[in-house]
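Below you'll find the structure, written out as structure tokens, and then a few comments.
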Amino acid sequence: MTTRRDLAGLIGVGAAAAGALTLASGGAKAQAQGQNTFDRIIANKKMRLGAVTSSAPWFVKDAATGKWGGHFYTIGSALAKDMDVELELVETTWGNAVLDLQSDKIDIMFGLNPTPKRAMAVDFSNPAYDSALVVIGKPGFEPKSWADMNKPEVKISVDLGSAHDQIATLLCPKAQITRFKTINEAMLALKTGRVDAQCIFWMGGVRAVKADPSLGKVIVPQPFFGSTSNAAVRREADKTWLFFVNTWIGYARGLGLVRSAVVESLEQVGVKPEDIPAGITL
């Protein structure tokens, strides 16, 4: 497996490109009105990444030390390093990230699944990796399909404004969907028996059940609902930032950086490659 030290070596390949980017910026000074995001990042030597606390394996923040982890932190750090800029973490939620992009609080948000609603508000990069939606069914509740859950008596928890929320609402409109501020709150509702299932993407679901088998079972409802995990950026007329992010994602995937970051973050929360549900790939 590629180690964090190996990743640092791979990332270093981009040093020459980062130097070229700095030259291309022409040593731009303070942000001018109307300046595009890419030029501003280069000029200010700082990239603002949206991050969600208590959201391993995607993001996690140590409450005692303030140190961040998770694979989107690793990926964001690599992007900032290749641009030769400082990474600034700005706390947000999955539900608020689009608004934070629009209000210029952050420059990029990794880990957003593209939905039509979101795509009307922000621009999405090429996929960082493939993903899939699952549910954690409470003990004894094992639906085989989305249709099995699309019933008035079925209770489903989601985190408000997330892709989990939007997709469950679309696929199970007859079910009782309870919306919580965070994934952890939605999971607590499952653990305490207030709902029958939690709608979540597979990484979070597998990790949660590995840590606490009493939650129930990870189920991949049919038909299989696949999605992708992308970066989102603020919509602006000048697409330089979006084009650069797309180029960098292709570069990072080609080097195996993205996969290594994901696998390492999963192993840190006790999830091994063999725990990945059948039919799901990175």
Side-chain angles (χ1 to χ4, degrees), residues 1-15 17-18 21 37-38 41-42 46-62 67-94 97-98 100-101 106-114 122-132 163 201-204 207 227-234 241-269 271 273 276 280-282:
M1 178 188 298
T2 305
T3 65
R4 193 176 292 277
R5 180 173 296 179
D6 293 330
L7 285 178
L10 289 174
I11 295 165
V13 175
L21 290 173
T37 299
F38 177 84
I41 291 171
I42 297 299
K46 181 181 292 185
M47 184 188 79
R48 300 169 299 171
L49 171 68
V52 182
T53 59
S54 301
S55 195
W58 304 289
F59 289 104
V60 62
K61 183 180 181 181
D62 188 299
K67 184 178 179 180
W68 285 90
H71 58 258
F72 287 130
Y73 168 74
T74 300
I75 292 168
S77 297
L79 171 58
K81 183 172 183 178
D82 278 348
M83 295 183 73
D84 193 26
V85 300
E86 175 189 349
L87 178 67
E88 179 182 339
L89 278 293
V90 179
E91 291 189 20
T92 185
T93 66
W94 299 117
V98 168
D100 286 345
L101 283 167
I106 57 178
D107 300 312
I108 188 168
M109 184 70 191
F110 279 101
L112 288 184
N113 307 93
V122 295
D123 286 336
F124 281 95
S125 73
N126 294 336
Y129 56 78
D130 294 331
S131 190
F201 277 98
W202 75 265
M203 286 188 192
R207 178 247 179 176
S227 184
T228 57
S229 183
N230 303 49
V233 300
R234 188 167 38 262
W241 179 224
L242 176 63
F243 293 159
F244 177 77
V245 170
N246 280 337
T247 299
W248 187 86
I249 286 176
Y251 159 85
R253 291 190 69 172
L255 287 179
L257 186 155
V258 171
R259 179 178 176 82
S260 294
V262 172
V263 170
E264 181 177 339
S265 72
L266 288 171
E267 290 184 338
Q268 288 175 349
V269 294
V271 177
I276 299 175
I280 295 174
T281 64
L282 294 176

Who passes side chain to side chain donor-acceptor pair (under 3.5 Å) against [X], sequence neighbours left out?
| X | result |
| --- | --- |
| Thr37 | Arg234, Glu236 |
| Trp58 | none |
| Asn230 | Thr228 |
| Ser55 | Trp94 |

**Message:** Treating Ser265 as the side-chain partner and Val262 as the backbone partner, does any N or O pair qualify as donor plus acceptor under 3.5 Å?
**Reply:** yes
**Message:** Keeping His71 on the side-chain end and Val258 on the backbone end, is there a donor-acceptor pair under 3.5 Å?
**Reply:** no
**Request:** Could I get the full list of ring-ring contact (aromatic ring centres under 6.0 Å, His included) partners for Phe124, not counting sequence neighbours?
**Result:** none
**Message:** Listing request: all salt bridge (Lys or Arg N to Asp or Glu O under 4.0 Å) pairs with a residue in residues 47-59, at least two apart in sequence or in separate chains.
**Reply:** Arg48-Asp104, Arg48-Asp107
Side-chain contact test, heavy atoms from C-beta onward, threshold under 4.5 Å: evaluate it for [X] versus [Y] and give yes or no.
| X | Y | answer |
| --- | --- | --- |
| Asp123 | Trp241 | no |
| Asp100 | Val90 | no |
| Phe38 | Val233 | no |
| Thr92 | Met109 | yes |

**Which atom of Ile249 lies closest to which atom of Pro127, heavy atoms considered** = CG2-O, 3.5 Å
**Asked** If you take all heavy atoms of Phe110 and Gly76, which pair is closest and at what distance?
**Response** CE1-CA, 4.2 Å
Would you give the length of the straight line joining atom [atom1] of [X] to atom [atom2] of [Y], rounded to the nearest 0.5 angstrom?
| X | Y | atom1 | atom2 | value |
| --- | --- | --- | --- | --- |
| Leu89 | Ile106 | CG | CD1 | 10.5 Å |
| Leu112 | Phe72 | CG | CZ | 8.5 Å |
| Ile42 | Met47 | CD1 | CE | 10.5 Å |
| Glu88 | Leu49 | CD | CG | 10.0 Å |
| Phe201 | Ser227 | CZ | OG | 4.5 Å |
| Met83 | Trp248 | CE | CH2 | 10.5 Å |

**Asked** Listed by chain and number, what are the side chain to side chain contact (heavy atoms under 4.5 Å, CB included) partners of Asn246, not counting sequence neighbours?
**Response** Ser125, Asn126, Leu242
**Item:** Sequence-distant partners of Val271, side chain to side chain contact (heavy atoms under 4.5 Å, CB included), two or more places apart
**Value:** Val206, Arg207, Lys210, Leu266, Val269, Asp275
**Message:** Run the salt bridge (Lys or Arg N to Asp or Glu O under 4.0 Å) test against Glu91 and tell me which residues pass, sequence neighbours left out.
**Reply:** Lys61
